[in-house]
Q: 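Once you've had a glance at the structure underneath, I'll fire off some questions.
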Amino acid sequence: MLNANSILFKILCIILFSAVYFLFAKLGFYFILAGINISALWLPAAIALIGLFFTERWIWPGIFLGSFLANLSSGLPMSTSILFSVASVAGPILGFELLRRKKEFRTDFFRIKDVFNFIFCAVIPGPILSASLAVLSLKILNQINTSQTLHHFATWFIGDALGILILFPLVLVIHSSKWQKLSFLLMTEAILIISVFAWIATQVITSNNLIAFIIFPFIVWSAIRFRQLGVVIMVAILATITIPIFILENQNESAVFLLQRLQFYLSSVSLTGLFLAAYINERKQIEEDLKEAVENSRKAAIIKSRFLDMAAHELRTPVTSFSLIIQLAQKQLQKGIPVDESVLQRLHYQAQHISKLVVDLLDVSRLERGKLQLNLATTDLLNVINSCIDDFKLRNPHRTVIFKNSNGPIFVNIDVTRINQVIANLLNNAAKFSPVNSSLEIVVEQHPQSVQFSLIDHGQGIPSELQHDLFTPFSKISTQLSQSGGLGLGLYICHEIIQLHQGEIGVESKTGEGSKFYFRLQRINP
Amino acid sequence: MNTANKNSKTILVVEDGEDILDIIKHFLELENFTVLTATNGLHALELIKKHPEVNIILLDMKMPVMNGWEFAQKYFEDYAHRAPIIVMTAAADAQSRAKDIGAAGYLEKPFELDDLLNKVLDIIANEI
């Protein structure tokens, strides 16, 4: 079977390609002006470059074969045919290699940079090499004298360069375009521009060249409305019509000057269009980037103000409690009712609540400014976990925490206070979102390079569509979480702390089955 | 002052912060009111069904299960004779929120217990 990488497939492609190359070369010979023996349009160089581009170079024997057969069949001697074929392969390979080294080259000619790269890699150096080699061959074979050298060089160079300038962008832009159905208006515009272009093209040669200038507003229009695709198609139409008319009209000695004019004309139209389309693209891109940036900063501002609103609300609640507790105590004292110690306890609890909110806010502010610094120390993670559990049990005497102590110690390089904060936060969340009588389970898994802490609860679980938002601040889910106290910033802070430790934090959860929050840290072997 | 509420009006306090709820209850009881408490709108509706004698409702807006708006909407739909509502909120636009649900008054958290008492007494005075 033929697959795209088999030798047989490649050989078939090379043969087929040489046939295509041969036909384009023959077409070029057909455009030779009888009076001056120069082809007005030489497309094989462009065909060769396109072939190299799409096959990553391996098509080159096809170029050689096609060129050799075309030259031989046009009556050139064997030696000239071989040397010309070498020239025909070398130029396009140089162009291809130079272009390939420009890693950022975009085949849709999207940016001005792409047009420049195309000109200075493919349009100029390749044809210079081909033309030089060809002229050198003629010299070696003593077929030209010195006075003719420059003329032959220029003829070969301009033919190749113009062919590449017109055909290469045409094929590549069409190849990389996303075709979409045109609206009625665009379709009408396209037909109008094509008609005007075709008409101008028929007039360029015959009407003393003045009408030729009218092409420029239309290539600008085409570039604005249809970008690169509009430009390459218009230039192709222009070349397809002007060149045959030129051949028919100019079969005499003065044709060489007129031909050069036509070639420069076509090049100018093509380059104007390509540069303009690229410029418009870049502007559009900048516009879109700006729009996106504005939109992002608008969103950020909304998030910040929503956060401020939330923070104010959350702080008001404990502050209200605090103030009401004091006022009630005053009222009681005024009425001669004794105030017991529980009032102080309640005040203490509210003060703790307020200070936790303030600490969270400061943490977030530090994190957002990249100012949160870790005091790293080599620590046994099991010790940290145990002390967190003890602390949790002190505040939640009715909750059961199952922790099967695994083999320790497990040394990690951490900021103990911060990892304490993470574990305490996860424990508090788990306690808050699971039934009071359900147990919480801590599992520590040891791997050669890392250690994973997991906390499993038997709560209501978190729907999968909300899970990825859990660790982002001010998100919908974190706002929902905040309804049960706190700012909903806890998990975001945990995420950032673990990230600062080069670790990983995550959640696995199924609705109705509970959740597993975990984090992984690098182990160290002291 | 104590002469005004000797007829012992019933006040329903709807608030999800249990601490705040507890203090307001204590305070109003100290002022000789009968106090009912609910921690969300749904709970409040159930209480009103059982105790149609409720004279005034103190309502927090941001609550889980059923918030203040939903409660007010449902309450206005279901009852022709309605007790005046005093909104207690931490939101910056307390006044407009109170207006939205047709409340008789509002208290911006944190508030003074004396203000709360004055609002309640005003409403009672206006009713008579």
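Order of the sequence lines sets the chain letters (A, B, ...), proteins ahead of strands, with each chain counted from 1. Keep in mind the model is a prediction, meaning the values are calculated, not measured.
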Q: Under a 4.5 Å heavy-atom cut-off, does chain B meet the side chain of A/Ser323, its backbone, both or neither?
A: side chain
Q: Just grab all the salt bridge (charged side-chain N to carboxylate O under 4.0 Å, His left out) pairs involving residues 32-54 of chain B, residues at least two apart or on different chains.
A: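 Residue pairs passing salt bridge (charged side-chain N to carboxylate O under 4.0 Å, His left out), neighbours aside: none found.
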Q: State, yes or no, whether a side-chain contact exists between B/Phe111 and A/Leu324 at a heavy-atom distance under 4.5 Å.
A: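 Heavy-atom side-chain distance check passes, below 4.5 Å.
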Q: Pick one of side chain, backbone, both or neither for A/Gln330, based on which atoms fall under 4.5 Å of a heavy atom in chain B.
A: neither
Q: Which atom names give the shortest non-hydrogen contact between A/Val319 and B/Pro110, and what distance separates them?
A: CG1-CG, 3.9 Å
Q: Just wondering, more than 12 heavy atoms not from B/Lys74 lying within 6.0 Å of its NZ?
A: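 No.
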Q: Apply side chain to side chain contact (heavy atoms under 4.5 Å, CB included) to A/Gln452 and list each qualifying residue two or more places apart in sequence or on a separate chain.
A: A/Glu445, A/Ser454, A/Lys516, A/Tyr518, A/Arg520
Q: Check this for me, if you would: do A/Arg316 and B/Glu108 make a salt bridge, where the nitrogen-to-carboxylate-oxygen distance has to be below 4.0 angstrom?
A: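 Looking at A/Arg316 and B/Glu108, the cut-off is met.
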Q: Counting only heavy atoms not in A/Gln499, do more than 12 fall under 6.0 Å of its CD?
A: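 Enclosed: over 12 neighbouring heavy atoms sit under 6.0 Å from CD of A/Gln499.
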Q: Would you say the side chain of B/Ile24 lies within less than 4.5 Å of the side chain of A/Leu328, judging by non-hydrogen atoms?
A: no
Q: With distance as the sole test, does B/Glu112 use its side chain to make a donor-acceptor pair with the main-chain N or O of A/Gln327 at under 3.5 Å?
A: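 Side chain of B/Glu112 to backbone of A/Gln327: no pair is present.
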Q: Do A/Ile325 and B/Asp19 come within less than 4.5 Å of each other through their side chains, counting heavy atoms only?
A: yes
Q: Hey, is CD on A/Gln460 packed in by over 12 heavy atoms from elsewhere, all under 6.0 Å?
A: no
Q: Should we say atom NE2 of A/His458 is surrounded by more than 12 heavy atoms from elsewhere, each under 6.0 Å from it?
A: yes
Q: Counting a contact as any heavy-atom pair under 4.5 Å apart, which residues of residues 339-349 of chain A contact chain B?
A: A/Arg346
Q: What residues form a side chain to side chain contact (heavy atoms under 4.5 Å, CB included) with B/Ala83, not counting sequence neighbours?
A: B/Val54, B/Ile57, B/Tyr75
Q: With a cut-off of 6.0 Å (strictly less than), are more than 12 heavy atoms of other residues, nucleotides or ligands near CD of A/Gln373?
A: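 No, the 6.0 Å shell around CD holds no more than 12 heavy atoms from other groups.
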